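Only a predicted model underlies this, so the values are computations on that prediction, with no experimental measurement involved. For ligands, and for the atoms within them, numbers begin at 1 and follow the listed sequence.
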Amino acid sequence: MKSGVTKEQLHSLIDEAYAKYKSYNGGKNADYIPYLAKVDSELFGIAACLPDGQIIQVGDCGERFGIESISKVMTAILILKLYGAETILDMIGADATGMPFNSIMAILLEKNHPSTPLVNAGAIAAVSLVQPVGNKELKWKAIVDNMRELCDAPLPLIDELYKSESASNYNNRSIAWLLKHYNRIYDDPELSLDLYTRQCSMGVTARELAICGATIANDGINPVSKKRVFSKALAPKITAMLASVGFYEHTGDWMFTSGLPAKSGVGGGIMGVLPGGFGIATFSPPLDASGNSVKGQKALRYIMQRLDAGIYNSN
Ligand code: GLU
């Protein structure tokens, strides 16, 4: 591996991190979406995918959970493919907001200044850009097909989660209409909100997220299917987005302590990308106050600190 990390080294660190944090108690399941509050808090898994497609997994890596915000990375890739990096920078942007994922304040403060597809406002705008604009069914097919190519697996919709989130997403509805007010949404706001809610309600496993992370780490070629999913030139753009806003207002602390560009979701997943190295994912539902999995952060930090191979290292 380019990072100099061997499979054996990574495997034993994953085993160690799993054993060390398995019984750690801290954080709380998201409860603003009723479905998420009911998920078993004890579930815990760590998976990695190497550039040759080998998978390392320990714990509950086959358990399907709500992908939530990690879907934002996948749809960001889709619109980067459709429009190119320059246009997306112009229409949405790549700046961290420094605020919570669902901040309305961030939109008010940056009304003439784009933010990023990795927070709710930018993600709803990203969904609005998926082609063909105005055609809900074909847009949804494009989103789902893209997820399948990235994860090398067809992700199913968790219908109960979709219903639960649709019945409680008033804040996101405000975001969609506020974007309309500022001309920063590019399809019907209700259509875009519904597809955004659906993509967040897809079920994914830690194993599948590790494969998606490895596809980004591997410059757009899925190491399991061996298929090119996106162009090499887009990989550093996606990694830059992860490194600047993947953990919302705590991304700086996260990058400072782990060196691993990663994206969290309120379903308890984290997907990490070590460019030229590997994709790594964790699943554990209890979250900190910003919506990031507590155990997942501890495990990944443990692994990355011992590997000493973060993106800011010179080796
Ligand atoms: N669907 C969630 C929301 O829009 C995603 C949030 C997250 O995972 O950070 O509130």
Ring centers of Phe44, Tyr18 separated by less than 6.0 Å: yes
Summary of salt bridge (Lys or Arg N to Asp or Glu O under 4.0 Å) pairs that have at least one residue in residues 186-215, sequence neighbours excluded: Arg64-Glu208, Lys136-Asp194, Lys139-Asp187, Arg173-Glu190, Asp194-Arg198
Those residues that, when tested against Thr87, pass side-chain contact (heavy atoms from CB on, under 4.5 Å) (two or more places apart): Tyr83, Met91
Six-ring centre of Tyr24, Lys298 cation under 6.0 angstrom, axis tolerance 45°: yes
N/O donor-acceptor pair under 3.5 Å between Lys226 side chain and Pro223 backbone: yes
For ligand 1, the residues whose heavy atoms come within less than 4.0 Å (ordered by chain, then number): Tyr32, Glu68, Ser69, Phe101, Asn120, Glu165, Asn172, Tyr196, Cys200, Tyr248, Gly265, Val266
All ring pair (Phe, Tyr, Trp, His ring centres under 6.0 Å) counterparts of Phe230, not counting sequence neighbours: none
